[in-house]
Amino acid sequence: LSGREDLGGGMYAFFALNYRFNQGTGQSTTTATATSFWRQSWVGLGGAFGDVRLGRMLPVLQEFNGGFDPFGTETIGSTHTGGLNAGIAGNARMNNVIYYRSPSLGGLQIHANIASADQNVVTTTVVGTPPATTSVTSFTSGSERPIGVGVIYAGGPIRVALAYDRNAIDQKTKGIYGAWNFGFADLMFQWENGDFAGNTDQTVYSIGARIPFGAATAK
């Protein structure tokens with residue numbers, strides 16, 4: 001669910017509520033103890049200054065990296081490096097976030113986020129017997145305020161981005177992303193380095209492409 005309302009004078013308000021559920025049963029695919037709309041739930045205010053969002057949402061690093069996956073992080077074909085999805089400790093989503101996006105400055109845009117340390121350490125436990133399993137997600141408090149910062153440039157056929165993320169237990173992730181649209185194909189890559197479970201270091205990367213064939217697209 002999402003919406004936008006123009007307030008006049010170039011200002012606007014907007015919001016999003018994301019909820020994942022099983023189409024066959026209507027039941028949530030994850031039982032999260034903190035919120036029903038546990039995927040994303042935020043409100044925002046925008047204008048000539050850019051926009052500011054408040055609530056639960058993707059941090060900067062996750063906001064960027066899905067745009068450099070040919071599958072857009074969807075389906076099992078995804079090459080998404082994805083922080084937590086790859087084992088790196090980057091935040092997948094965070095609670096109690098303030099997120100700022102600057103206006104585009106000649107194709108250059110700055111993103112930054114900060115969050116409370118409260119309710120931002122995520123523990124997920126799978127319960128039940130396959131195929132009837134449920135992921136139970138709980139949120140506890142950490143020792144650090146999660147922060148993220150990044151810059152993304154889009155001009156002509158080129159898109160590049162840099163991002164940095166620190167979570168509530170002081171684990172850090174860095175990302176570099178790029179894409180070049182050659183017309184016949186859109187080539188893209190992702191590279192991330194960060195703290196793994198146990199605070200060991202891990203690097204993950206992907207190289208991918210979208211190749212259009214008339215009404216179809218090969219990924």
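Keep in mind that this is a model prediction, so the values were computed, not measured.
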Arg93 and Gln62: CA distance, side-chain angles, deciding distance, side-chain contact (heavy atoms from CB on, under 4.5 Å) verdict: CA-CA 8 Å; Arg93 294 167 190 83; Gln62 296 288 347; over 6 Å; no
Interatomic spacing from CZ in Phe213 to CD1 in Ile211 - rounded to 0.5 Å: 5.5 Å
Nearest-0.5 Å distance, OG of residue Ser206 to CG of residue Asp69: 6.5 Å
ILVMFWY cluster, Ile176 and Ile158 together (side-chain gap under 4.5 Å): yes
Joint hydrophobic cluster, Trp42 plus Met94, side-chain heavy atoms closer than 4.5 Å: yes
Separation between CG of Asp201 and CG of Asp195, rounded to the nearest 0.5 Å: 7.0 Å
Closest approach of Ile152 to Ala161 (non-hydrogen atoms, all atoms of both residues): CG1-CB, 3.8 Å
Cation-pi check, Arg4 onto Phe14 ring (under 6.0 Å, within 45° of axis): no
Exercise: do Thr203 and Asn193 side chains pair donor with acceptor under 3.5 Å: yes
Glu63/Arg53 ion pair, N-O < 4.0 Å: yes
Student check: side-chain heavy atoms of Val121 and Ile169 closer than 4.5 Å: yes
CA sep, side-chain torsions, deciding dist, call: Trp180, Phe182, ring pair (Phe, Tyr, Trp, His ring centres under 6.0 Å): CA-CA 6 Å; Trp180 188 296; Phe182 288 90; 5.7 Å; yes
Working for side-chain contact (heavy atoms from CB on, under 4.5 Å), residues Tyr164 and Lys172: CA-CA 7 Å; Tyr164 170 83; Lys172 304 171 182 68; 3.2 Å; yes
Heavy atoms of other groups near Leu162 CG, more than 12 under 6.0 Å: yes
Rounded distance (nearest 0.5 Å) linking atom CG of Asn95 with atom CG of Asp118: 10.0 Å
Carboxylate-amine/guanidinium contact Arg166 Glu144, below 4.0 Å: yes
Within-4.5 Å side-chain heavy-atom neighbours: Arg210 and Met188: yes
Derivation of the side-chain contact (heavy atoms from CB on, under 4.5 Å) call for Val52 and Ile98: CA-CA 7 Å; Val52 175; Ile98 303 172; 4.2 Å; yes
Closest contact, heavy atoms only, Ala179 versus Asp186: CB-OD1, 4.1 Å
For Ser116 against Pro146, the heavy-atom pair lying closest together: O-CD, 3.4 Å
Minimal non-hydrogen separation, Phe64 against Ala163, with atom names: CD2-CB, 3.9 Å
Salt bridge present between Arg101 and Asp51 (N-O < 4.0 angstrom): yes
Worked verdict on Tyr177 versus Leu61 for side-chain contact (heavy atoms from CB on, under 4.5 Å): CA-CA 10 Å; Tyr177 314 97; Leu61 186 134; 3.5 Å; yes
Minimum-distance pair of heavy atoms, taken over all atoms of Gly183 and Pro212: O-CG, 4.3 Å
Flag for Asn96-Gln119: side-chain donor and acceptor within less than 3.5 Å: no
Common cluster, Leu58/Val204, ILVMFWY with side-chain heavy-atom separation under 4.5 Å: no
Result block: side-chain N/O donor-acceptor pairs under 3.5 angstrom for residues 104-111, not counting sequence neighbours:
{"from": "Ser104", "atom 1": "OG", "to": "Gly107", "atom 2": "N", "distance (Å)": "3.2"}
{"from": "Gln109", "atom 1": "OE1", "to": "His111", "atom 2": "NE2", "distance (Å)": "3.0"}
{"from": "Gln109", "atom 1": "NE2", "to": "Ser102", "atom 2": "O", "distance (Å)": "2.8"}
{"from": "His111", "atom 1": "ND1", "to": "Tyr99", "atom 2": "OH", "distance (Å)": "2.7"}

Euclidean distance, Ile114 CD1 relative to Ile147 CD1, rounded to 0.5 Å: 7.0 Å
Euclidean distance, Leu45 CG relative to Phe15 CZ, rounded to 0.5 Å: 14.5 Å
Any side-chain donor near an acceptor of the partner, Asn18 and Gln40, under 3.5 Å: yes
Arg159: salt bridge (Lys or Arg N to Asp or Glu O under 4.0 Å) partners, not counting sequence neighbours: none
Residues clustering with Phe71 (ILVMFWY side chains joined when closer than 4.5 Å, directly or via others): none
Considering all heavy atoms, the nearest Ala209-Pro70 contact: N-CG, 3.4 Å
